[in-house]
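All chains are named by letter (A, B, ...) in the order of the sequence lines, taking the proteins before the strands, and each is independently numbered beginning at 1. These numbers come from a predicted model, not from an experiment.
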2 protein chains.
Amino acid sequence: MSIPANTRISERAQAAGPAVEPDADEIDFELIELLFFAYRDFVGDPDLILAEYGFGRAHHRVLHFVNRRPGLTIAELLDILRITKQSLNRVLKELIETDFVEQRAGRTDRRQRLLFPTDKGRELAMSLARMQHRRIDRAIAGAGATGRDVARRFLTAMVGPADGGNETP
Amino acid sequence: MSIPANTRISERAQAAGPAVEPDADEIDFELIELLFFAYRDFVGDPDLILAEYGFGRAHHRVLHFVNRRPGLTIAELLDILRITKQSLNRVLKELIETDFVEQRAGRTDRRQRLLFPTDKGRELAMSLARMQHRRIDRAIAGAGATGRDVARRFLTAMVGPADGGNETP
DNA sequence: TGGGATAAGTCAACATAGCTGACTTAACTC
DNA sequence: GAGTTAAGTCAGCTATGTTGACTTATCCCA
C-alpha cells in the first residue's frame, strides 16, 4: 500500500519528532496556489454587477452578511468582518443611503442598530450569491461523490486562530 | 438511496430545464462563507512576519511566484497576478532594492527581465509557505483519507473564466 | 538596414478599502 | 446620578489597485 500524499509530513513527524520543518519538496505549493487562484476567481465574478451600482467588494461582504443574518448588530458584523468601525461605516452608510440596507433600533437594547436588507438589497445579495453558487456547484460536480462534504470539512478546518509560526520550538 | 447534497440543483435542472434559478434555500451559503473565512485566515497568517520587513500581501504574492518559478518574466508575472504593470512595479522595486529578488536580462531576448529570488528572498518565501502549509496540512488531516485529492480537484475546478451571470437566458 | 513591434520602466493622478486616534451622543446599568 | 457601552463621526494616513501617456532598449522583418 502506497502512502497517500497527505500523510507525508505526518510520517516524517513520527520519525523525527514534533518539530518538523518541511523541505521545499514537501510544502504543498499546489494547494497554496490553488487557494489563491480559486478565491481570486470566486470573488471576481460579482465585481461586474457590483460596479453597476458603484459598489466594491467591501459593500458585497456587508450586504451578504446582513442578508444572511437579518437583524444582526454593528458589533456582530464587525466581529464577522474583522475590520474597524470606521471602515465598516463608510460602506454601510452608502448601502443605507441607496436603500439596500435598513437599520432599526434594538427592542431590548435601544442603543443597538439592527441591520436588515431591504427588498432591493435582498435581491442584489441573492443574485450575487447565485453567481458564486454556480461556480461552487460546477466545481463540486467535478470533485467526486462526497466532494461537497470533504470540501466543507477541509474549509471548516482552514478557519481558525493565527498560526503562531513556531518554526523551531 | 438518498440524494447527495451536491446534486440538488442538478435534479431540479433535469425537471425544469437548463435555466435553473436556485431559491434561497438551495444556494450553498455554507461553502460561500467558508471560502471567505478560510481565505481570510489563510492569508492572514503571514501578515505578522511580512510586517517586520515593511511588506504587505502584494509583496508576498510577488515573492511567492518568483520563488516558485525562478526566471519568470515580468509579462508572465503580470499574467499570473492579473494586476497592472504599474502596481507590480511598485512592490517589485521594493523587493529588488531590499535584495529579496534580483533581475537578469534574458539570454535569448535581452529585453526581458528574468526574476530570481535571492538567498534571503528564498528563505522568506519558504518560511511564509511553511506557515500556510501548516494550516493546510492540519485542515487536510481533518478532511478524511482522500481529503487532499478532493480538495485539490474542487479548488482546481473553482479556477476559471468569469461566470457570465446569465440569470434568465 | 531601417522602421515598426514588443518588453519593460516611469510619471502623474486617482479610487478603494483598510488603519489609528480622538471625540460625541444616546442609552443602559448599577 | 455616575460610569459603561453601542454606535457614529472627523481627520489623516497607508496599501494596493486603476488609467493614461510617455520613454528606452531590443527584437524582427521587409
Side-chain angles (χ1 to χ4, degrees), chain A residues 36 39-40 43-44 46-66 71-98 101-116, chain B residues 36 39-40 43-44 46-66 71-98 101-116:
Chain A
F36 168 70
Y39 191 78
R40 181 192 62 186
V43 299
D47 283 354
L48 281 177
I49 291 181
L50 289 162
E52 290 172 23
Y53 300 89
F55 293 154
R57 288 174 191 179
H59 301 84
H60 184 193
R61 290 194 282 271
V62 170
L63 180 61
H64 174 93
F65 285 109
V66 168
L72 94 173
T73 64
I74 299 290
E76 286 164 351
L77 189 48
L78 288 174
D79 197 54
I80 289 171
L81 298 175
R82 302 226 189 124
I83 57 174
T84 59
K85 192 173 44 166
Q86 296 90 328
S87 284
L88 171 59
N89 212 260
R90 189 160 37 201
V91 294
L92 181 57
K93 203 188 287 182
E94 291 172 347
L95 286 167
I96 290 169
E97 281 166 0
T98 50
V101 170
E102 65 180 23
Q103 291 180 314
R104 302 175 206 159
R107 307 124 324 224
T108 62
D109 185 340
R110 290 191 308 166
R111 287 173 304 180
Q112 294 179 332
R113 298 286 173 266
L114 310 188
L115 302 171
F116 295 87
Chain B
F36 168 68
Y39 190 77
R40 180 193 61 185
V43 299
D47 283 355
L48 281 177
I49 292 181
L50 290 161
E52 290 172 23
Y53 298 89
F55 293 155
R57 288 173 190 180
H59 300 84
H60 183 192
R61 290 194 283 271
V62 170
L63 180 60
H64 174 92
F65 286 109
V66 168
L72 94 174
T73 64
I74 300 289
E76 286 163 352
L77 189 48
L78 288 176
D79 197 54
I80 290 172
L81 299 175
R82 302 226 188 127
I83 57 176
T84 58
K85 193 175 42 166
Q86 296 90 326
S87 283
L88 172 58
N89 212 261
R90 188 159 37 201
V91 294
L92 182 56
K93 204 188 286 181
E94 290 171 348
L95 286 168
I96 291 169
E97 281 166 1
T98 51
V101 171
E102 66 180 22
Q103 291 181 315
R104 302 175 207 159
R107 308 124 322 224
T108 61
D109 185 341
R110 290 193 308 166
R111 289 173 304 178
Q112 295 179 330
R113 297 288 173 263
L114 310 187
L115 301 171
F116 296 88

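Two residues, A/R107 and B/R113, neighbour DNA chain C, and the one matched to the more 5' nucleotide by heavy-atom proximity is B/R113. Judged by closest nucleotide on DNA chain C, A/G56 is the one of A/G56 and A/G106 placed further toward the 5' end.
Closest to the side chain of B/V91, from the set D/dT16, C/dA17, C/dA8, is D/dT16. Nearest to the side chain of A/I74, among D/dT16, C/dA17, D/dA7, sits D/dA7. Among the nucleotides C/dA5, D/dA7, D/dG17, the one closest to the side chain of B/R111 is C/dA5.
One interatomic measurement links the two molecules: CD of A/E94 to P of C/dG18, which rounds to 12 Å at whole-angstrom precision. Separating the OH atom of A/Y53 from the P atom of C/dA15 is a distance of 23 Å, rounded to the nearest angstrom. Atoms CG (B/D109) and P (D/dC29) sit 12 Å apart, rounded to a whole Å. Rounded to an integer number of Å, the gap from A/K93 NZ to C/dT16 C1' is 16 Å. For the pair B/L88 CG and D/dT18 P, the interatomic distance rounds to 11 Å; values are reported in whole Å. In this entry the distance linking CG of A/D79 with P of D/dA6 reads 12 Å, nearest Å. What separates CZ of A/R57 from P of D/dT16 is a distance of 15 Å, to the nearest Å. What separates CG of A/L95 from P of C/dA17 is a distance of 10 Å, to the nearest Å.
Of all the heavy atoms in A/L114 and A/G71, the pair that sits closest is CD2-O, 3.6 Å. Minimum interatomic distance between A/G56 and A/L50 (heavy atoms only, all atoms of both residues): O-CD1, 3.8 Å. Closest heavy-atom contact between A/H60 and A/P46: CE1-CG, 3.6 Å. When every heavy atom of B/R110 is checked against every heavy atom of B/A105, the shortest pair comes out as O-CB, 4.1 Å.
For a distance-only test at 3.5 Å, the side chain of B/R110 fails to qualify as a donor-acceptor partner of the base of D/dT26.
Phosphate proximity of D/dG17 to B/R61: present, with a side-chain N or O under 4.0 Å from OP1 or OP2. Note on A/H59: every side-chain N or O is 4.0 Å or more away from OP1 and OP2 of C/dT16. For the pair B/N89 and C/dT10, the criterion of a side-chain N or O lying under 4.0 Å from OP1 or OP2 is met.
A parallel orientation is assigned to the rings of B/Y39 and A/Y39, their planes being inclined by less than 30° (bins at 30° and 60°).
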Readout for nucleotides 19-24 of chain C: B = base within 4.0 Å of protein heavy atom, S = sugar-phosphate only, - = neither; 5' to 3' it is BBBB--
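Applying the side-chain contact (heavy atoms from CB on, under 4.5 Å) test between A/V62 and each of A/I83, A/I80, A/L115, A/L81 identifies A/L81 as the sole match.
Backbone-only engagement by B/Q103 is indicated by non-hydrogen atom pairs under 4.0 Å involving sugar-phosphate atoms exclusively.
The NZ atom of A/K85 lies 13.5 Å from the CG atom of A/L77; values are rounded to the nearest 0.5 Å. Atom CG of B/D47 is separated from atom CD of B/E52 by 11.5 Å, given to the nearest 0.5 angstrom.
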